[in-house]
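Below: one structure, written as structure tokens.
Residue numbering restarts at 1 for every chain, and letters A, B, ... go by the order of the sequence lines.
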Amino acid sequence: MPRFYLTTAIDYANGDPHLGHALEKVGADAIARYHRLAGFDVHFCTGMDEHGQKVAQTAAARDVDPQAFVDRIAGRFRETWERLAVSFDQFVRTTDPAHKSGVRALIRRIADTSPGDFYEKAYEGWYCVGCELFKRDDEIVDGHCALHPTRTLEWTEERNFFFRLSKYAGFLRQLFADRPDFLAPESRRNEVLSLIERGLDDISISRARLSWAIPFPLAASDGVAQGTWVWFDALPNYLTATGYPGAGWKERWPAQLHVIGKDITRLHAVIWPAMLQAAEIALPGRVWAHGFVQLAGERFSKSAGVKLELGEAIDRYGADAFRYFLLREVPFDADGNFSFERFDERYHADLANAFGNLASRVIAMVERYRGGVVPRAPRTGLDADDHASIAAYHAAMDGTNGYLLHEGLKHIWACVQRGNEYVDRRAPWRQARDPVLAADLDETLGALVRQLARLAVLVQPFMPGKAAELWSQLGGPGAVADQRFAALATLDPAGWKVAKGAPLFPKPEG
RNA sequence: GGCUGGGUAGCUCAGCUGGUUAGAGCACGGCACUCAUAAUGCCGGGGUCGACGGUUCGAGUCCGUCCCCAGCUACCA
């Protein structure tokens with residue numbers, strides 16, 4: 001069975017999960033579930049980035065131990081993803097002992113494999129004891145730190161380790177030439193290409209005085225202990241999650257796909273490949289940079305003040321509808337908007353009226369006209385037309401053209417629309433009135449249940465809960481999650497016993 | 001400041017190498033149907049295609065200038 005190891009970005013443990021985090025996790029989950037249905041042996045990894053000055057400061061401000069603080073945040077993220085049915089197989093945390101030792105092993109390996117890629121350099125500047133940070137000129141007001149005007153700034157020198165990123169410009173240029181699909185969508189790829197052409201600077205990768213960090217494994221010449229700076233701490237999580245450098249890590253690595261936000265493209269498409277190359281470790285297959293959700297047209301990000309209670313949005317119609325809305329409304333290769341007005345519209349139009357009601361009317365007619373048993377029936381034009389839509393669905397979902405989840409949903413809904421048209425055109429209630437038309441009625445109902453069974457599978461990556469409900473109402477064997485796309489063309493529900501349940505997408509009264 | 005992408009119906013968008021009356025979904029209006037969550041199907045109204053100028057027999061579709069939005073990036077501080 002082909003393997004498919006995919007990851008999401010790990011989120012910074014400095015606040016609660018929000019809509020932006022949710023888009024990425026839900027999108028990656030749809031990709032993961034899609035690949036399971038396509039027959040891949042999927043490993044889906046997500047997690048938390050828990051070190052750094054900000055975390056330490058926030059924890060201190062609340063008078064708690066940093067580890068206790070991140071434990072609590074990580075718990076809230078996990079709970080949120082579970083509530084959203086994100087089917088991760090692994091939840092990595094950068095404070096995990098295994099991650100920490102993996103990072104140190106990776107750094108030592110680079111030092112061994114590519115001696116000279118790490119070097120020490122002195123850095124000097126104004127240091128604020130209050131912030132425990134060097135300050136840029138624009139952060140200094142009247143000779144004092146803007147945040148700590150009562151403290152005096154100290155002109156300080158410290159030695160840090162640097163990574164010779166500049167050395168890898170040629171390698172990266174070659175990488176992007178050889179593997180045009182390494183980074184997508186194309187707009188992101190072009191940005192990174194121009195970045196590389198402009199030239200790359202070496203990056204600083206350790207900090208003295210950084211206490212809440214993985215101890216940097218190489219000794220500085222001045223004897224001052226260094227903490228590992230973010231690049232070499234967070235990025236390797238994808239690798240350490242495989243157990244690196246322990247036995248068996250190569251069975252999972254390299255990852256087939258990193259799903260990230262467009263704001264961290266540079267880290268994943270430039271720094272990360274260079275790090276791996278320096279260690280002579282295989283590169284991941286692809287990096288996919290999704291866009292952002294905006295709220296009422298305003299930029300929504302970890303630091304922005306624009307907020308929306310995630311719980312409130314999920315509670316409105318449930319996790320499945322929330323997942324559907326996000327992935328349908330926000331193009332997965334660009335930005336999109338979230339609004340409750342739009343959410344309500346789509347819930348009613350797409351889910352309740354079109355999809356839910358199609359299931360409802362078809363199942364009701366099978367019960368009423370055929371005692372609940374799906375009649376044996378020949379294939380029809382409905383099947384043929386649907387298969388064209390299904391081909392388009394795969395083209396949007398399987399990665400060959402990127403991961404255009406919104407397009408995938410669009411093609412599923414073309415089937416839904418076709419199903420409703422078919423019902424009206426065939427008018428099974430009329431066929432039911434005339435015994436001479438019994439075979440026609442069988443054909444109509446058989447075609448429709450066949451379509452619903454297909455739809456349950458196609459929609460499963462997006463709405464796993466509702467897909468299972470529908471599958472169960474149809475009387476399908478086993479679990480919908482265990483179905484395979486390959487078997488869809490020959491899927492035949494003849495003989496299944498349907499049982500109409502509660503509406504799939506009930507409308508709130510009023 | 002530079003670079004990239006974009007500005008098309010109320011909303012979200014499609015319109016390939018220029019060619020008859022500019023399309024889809026949602027929203028809105030009318031008709032049909034009654035199996036269904038008063039759901040569905042059909043028909044329809046609605047757009048100076050960011051602005052101005054140009055090329056052409058003919059331009060959302062090409063060229064120039066400008067305005068606006070988003071992203072990447074630089075410099076100053």
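- Nucleotide B:rG25 forms a Watson-Crick or G-U wobble pair with B:rC11, both donor-acceptor distances falling under 3.5 Å.
- Contacts of A:Ser360 with the nucleic acid, taken as non-hydrogen atoms under 4.0 Å apart, include base atoms.
- One interatomic measurement links the two molecules: NZ of A:Lys500 to P of B:rA36, which rounds to 7 Å at whole-angstrom precision.
- Among the heavy atoms of the strands lying under 4.0 Å from A:Tyr369 are primed sugar atoms or P, OP1, OP2 only; no base atom is included.
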Strictly under 4.0 angstrom, non-hydrogen atoms only: write out the protein contact profile of nucleotides 24-33 of chain B, one letter per nucleotide from the 5' end, B, S or -.
-BS------S
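- Atom pair A:Arg425:CZ and B:rA36:P shows a separation of 21 Å (rounding to whole Å applied).
- If you measure from atom CG of A:Asn337 to atom C1' of B:rC69, you get 13 Å, rounded to the nearest angstrom.
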Evaluation steps, ring pair (Phe, Tyr, Trp, His ring centres under 6.0 Å), between A:Phe325 and A:Phe462
CA-CA 10 Å; A:Phe325 178 66; A:Phe462 299 95; over 10 Å; no
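- On the C1' atoms, B:rG23 is 12 Å away from B:rC49, given to the nearest whole Å.
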Worked verdict on A:Thr444 versus A:Gln431 for side-chain hydrogen bond (donor to acceptor under 3.5 Å, both in side chains):
CA-CA 9 Å; A:Thr444 304; A:Gln431 295 171 326; 2.9 Å; yes
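- Distance from the side chain of A:Arg188 is smallest for B:rG71 among the nucleotides B:rG71, B:rA36, B:rG41.
- Only the P atoms considered, B:rA36 is 15 Å distant from B:rU40, to the nearest whole Å.
- A:Tyr317 has its ring centre less than 6.0 Å from the ring centre of A:Phe343.
- The listed nucleotides are B:rU37, B:rA39, B:rC72; the one nearest the side chain of A:Asn357 is B:rA39.
- For the pair A:Arg198 CZ and B:rA74 P, the interatomic distance rounds to 7 Å; values are reported in whole Å.
- Nucleotides B:rG71 and B:rU48, compared at atom P, are 29 Å apart to the nearest Å.
- When distances run from any side-chain atom of A:Arg361 to the nucleotides B:rC35, B:rG41, B:rA70, the shortest one goes to B:rC35.
- Using atom P as the reference point in both B:rC57 and B:rC68, the two lie 35 Å apart (nearest Å).
- Listed by first then second residue, pairs satisfying salt bridge (Lys or Arg N to Asp or Glu O under 4.0 Å) with a partner in residues 458-475 of chain A read A:Lys466-A:Glu469, not counting sequence neighbours.
- A:Lys410 has no side-chain polar atom (N or O) that falls below the 4.0 Å cut-off from OP1 or OP2 of B:rC13.
- Look at CG on A:Asp335: it is 15 Å from C1' on B:rU4, rounded to the nearest Å.
- Remark on RNA chain B: of its neighbouring residues A:Met365 and A:Arg266, the 5'-side contact belongs to A:Met365, judged by nearest-heavy-atom nucleotide.
- For B:rU55, there is no paired nucleotide, since no Watson-Crick or G-U wobble pair has both relevant distances below 3.5 Å.
- Atoms NE2 (A:His290) and P (B:rG71) sit 14 Å apart, rounded to a whole Å.
- Residue A:Leu504 is classed as a base contact, given a heavy-atom separation below 4.0 Å to a base.
- Between A:Tyr119 and A:Phe163, a ring centre-to-centre spacing not shorter than 6.0 Å is recorded.
- Pairing for B:rU17 is absent, with no Watson-Crick or G-U wobble pair whose two atom distances lie under 3.5 Å.
- Mapping A:Lys507 and A:Lys262 onto RNA chain B by nearest heavy atom places A:Lys507 at the nucleotide closer to the 5' end.
- Here the C1' atom of nucleotide B:rA14 and the NE2 atom of A:His406 are 11 Å apart, to the nearest Å.
- To the nearest whole angstrom, the two P atoms, one in B:rG15 and one in B:rG5, are 15 Å apart.
- Remark: the separation of the P atoms in B:rA32 and B:rG58 is 48 Å, to the nearest Å.
- With ring centers used as reference points, A:Phe182 lies 6.0 Å or more from A:Trp288.
- The gap from the P atom of B:rG29 to that of B:rG1 amounts to 47 Å, rounded to the nearest Å.
- In this structure, A:Phe232 has its ring center closer than 6.0 angstrom to the ring center of A:Phe118.
- Listed nucleotides: B:rA36, B:rA70, B:rG41. Nearest to the side chain of A:Asn420: B:rG41.
- Pairing for B:rA74 is absent, judged as Watson-Crick or G-U wobble with the two contacts each under 3.5 Å.
- Side-chain rings of A:Tyr369 and A:Trp429 stay apart, their centers remaining 6.0 Å or farther from each other.
- If you take atom C1' in B:rG47 and the same atom in B:rC35, they sit 38 Å apart, rounded to whole Å.
- Across all strands shown, B:rU40 forms a Watson-Crick or G-U wobble pair, both distances under 3.5 Å, with B:rA32.
- The distance from atom CZ of A:Phe292 to atom C1' of B:rA70 is 12 Å, rounded to the nearest whole Å.
- A glycosidic torsion no more than 90° from 0 defines the syn conformation, and B:rG60 adopts it.
- For A:His290 and A:Phe332, the gap between ring centers is short of 6.0 Å.
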Could you walk me through whether A:His411 and A:Ser389 pass the side-chain hydrogen bond (donor to acceptor under 3.5 Å, both in side chains) test, one step at a time?
CA-CA 6 Å; A:His411 291 115; A:Ser389 294; over 6 Å; no
